[in-house]
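Since the structure comes first, as structure tokens, the remarks are kept for the end.
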Amino acid sequence: MIIDILSWICLLAGGVLGIIGGIGIHRFPDFYSRLHAAGITDTLCAMLILLGLGLQAGWSIAAFKLALIFLFLFFTSPTASHALANAALHSGLTPKLDRDSRGAKS
Amino acid sequence: MKSYSFAALLFLFWIFLSGHFDPLLLGFGVASVALTVFLSKRMNVIDHKSYPLHLSSKLPGFFVYIFREIIKANVDVITRVLGWRGASISPQLIDIPLLQKTDLGAVIYANAITLTPGTVSIELSKETITIHALTKEAADELLTGSMSNEISNRVFKQ
Amino acid sequence: MFIAASLAILITMGLALARALAGPTTYDRIAAVNMFGTKTVLLIAVLAFLSDRNDLLDIALVYALINFIGVVAALKLVTQGDFYSSDRDKREAEKEEPE
């Protein structure tokens, strides 16, 4: 029973975080800051939803597979973000920066 | 020696994924594991760097640390997305010194930076990492180098 | 409760799709598609529990990997126009002598 409630809380929180991330990619002004909003949905949102499902699954092969899905997302999402940001910077897309930013290059 | 432990791990992985114990399916498993190990040996990827088994005992401590950082950074970015308490963004593009000595350390550090929302590592060179940070505070925290120190202490300290 | 979670994920996917359509740069679109793919993985996982079919988890597992490879391939195609040459090598060769 307690586990059910916990998993519901996790699932709902994950869903809400996903929507917040979705709002973020529309509110932020440029590509680089949108990557941070997409980062919310890649990390904490995925973590919470998979944790909620894992609590429902209990100790089984399904839980192992959920952990594996999480691990793959955990390893691939920063790599994809880094590749995107790197490619964007090298193609000459300049980020909108704050005025008093220091040490900015190019 | 390393390829034997690699093969054993892969086979364990196969059993967990399939969940069946018929001779036929186990035979398929043995065949795929053999092929994978053969190809990995040909590609020379079973070495100290690509197959860091010696670090696996350090993983739990590192994961605890990185989860705490992810949750902290997420809360910060969420308040800025929603604009609570007048929170605003001040994007920064900065270079921070790369204090990790090994390639593996540099990759772990850059990945940890990207995993925490609010900071994305853009370019990795020998001495510096170029970072795009959503806020000045996040950039300042990275400039203190505390995350680099934590990774050195938690992952690479004997 | 799984229905509420899948609805929330669907809304997020809609928002990501809107960003992918709105653009403005190609990289925005690829980032939005990447996010869409991550949400698809989660949606498949939730659907596996909703319809009580654990086989779907395997599909989610494979989709997580395909999504990553697809994004990197699309990025490679956009930045250099083909799948096989490495423009990082070219860049480094311009900067310094190759080893």
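Every chain is numbered from 1 and lettered A, B, ... according to where its sequence line falls, protein lines coming before strand lines. Below, all heavy atoms of this structure are taken into account, side chains as well, without hydrogens, waters or symmetry copies.
Heavy-atom pairs under 4.5 Å with chain A peak, among I69(C), V78(C), D58(C), at D58(C). Heavy-atom pairs under 4.5 Å with chain A peak, among V72(C), I9(C), T38(C), T26(C), at T38(C). Comparing I19(A), L11(A), L12(A), I61(A) by heavy-atom pairs within less than 4.5 Å of chain C, the highest count is held by I19(A). Here A87(A) is the residue among G15(A), G39(A), G21(A), A87(A) with the most heavy-atom pairs under 4.5 Å with chain C. Listed options N54(C), N67(C), L42(C) were ranked by heavy-atom pairs under 4.5 angstrom with chain A; first place goes to L42(C). Counting heavy-atom pairs closer than 4.5 Å to chain C, the top-ranked of the candidates I23(A), I20(A), I69(A), T79(A) is I69(A). Interface remark: of the candidates A31(C), A64(C), A60(C), A31(C) forms the most heavy-atom pairs closer than 4.5 Å to chain A.
At a 4.5 Å heavy-atom cutoff, the contact between F31(A) and chain C is made by backbone and side-chain atoms alike. Contact of L35(A) with chain C is made through the side chain alone, with heavy-atom distances under 4.5 Å. Only the side chain of I11(C) comes within contact range of chain A, judged by heavy atoms closer than 4.5 Å. With a 4.5 angstrom heavy-atom cutoff, V46(C) touches chain A via backbone and side-chain atoms both. Using a 4.5 Å cut-off between heavy atoms, L61(C) touches chain A through backbone and side chain atoms alike. Both the backbone and the side chain of D28(C) come within contact range of chain A, with heavy atoms under 4.5 Å apart. Of the atoms belonging to I49(A), it is side-chain heavy atoms, and not backbone ones, that fall under 4.5 Å from chain C. Interface remark: F49(C) contributes side-chain atoms only to the contact with chain A (heavy atom separation under 4.5 Å). Contacts of L73(A) with chain C are made by side-chain atoms alone, with heavy-atom separations under 4.5 Å and no backbone atom involved. No part of A22(C) comes within reach of chain A, as not one of its non-hydrogen atoms sits under 4.5 angstrom from that chain. V41(C) touches chain A through its side chain: at least one heavy atom from C-beta onward sits under 4.5 Å away, while N, CA, C and O do not. With a 4.5 Å cut-off on non-hydrogen atoms, A85(A) does not touch chain C at all.
Shown here for T41(A) and G22(A), the closest heavy-atom pair between the two residues is CG2-N, 4.4 Å. When all heavy atoms are compared, the tightest approach of A20(C) to V33(C) is CB-CG2, 4.4 Å. In terms of heavy-atom proximity, L48(A) sits nearest to A13(A) at CD1-CB, 3.9 Å. Across C45(A) and G14(A), no two heavy atoms sit closer than the pair SG-O, 3.3 Å. A57(A) and A63(A) get closest at one heavy-atom pair: CB-N, 4.1 Å. Pairing each heavy atom of F68(C) with each of A80(A), the nearest pair is CE1-N, 4.0 Å.
Sparse packing is recorded around CD1 of I3(A), with 12 or fewer heavy atoms of other residues, nucleotides or ligands lying under 6.0 Å away.
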Evaluate I44(C) against T40(C) for side chain to side chain contact (heavy atoms under 4.5 Å, CB included), listing each step before the verdict. CA-CA 6 Å; I44(C) 296 175; T40(C) 313; 4.2 Å; yes

So M35(C) and T12(C), side chain to side chain contact (heavy atoms under 4.5 Å, CB included) or not? Walk me through it. CA-CA 9 Å; M35(C) 185 176 156; T12(C) 313; 3.9 Å; yes

Audit row: S7(A), L53(A), side chain to side chain contact (heavy atoms under 4.5 Å, CB included) steps and yes/no: CA-CA 7 Å; S7(A) 85; L53(A) 292 178; over 6 Å; no

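Remark: the backbone N or O of F74(A) is not paired with any side-chain donor or acceptor of S77(A) at under 3.5 angstrom. No donor-acceptor pair under 3.5 Å is formed between the side chain of R19(C) and the backbone N or O of R29(C).
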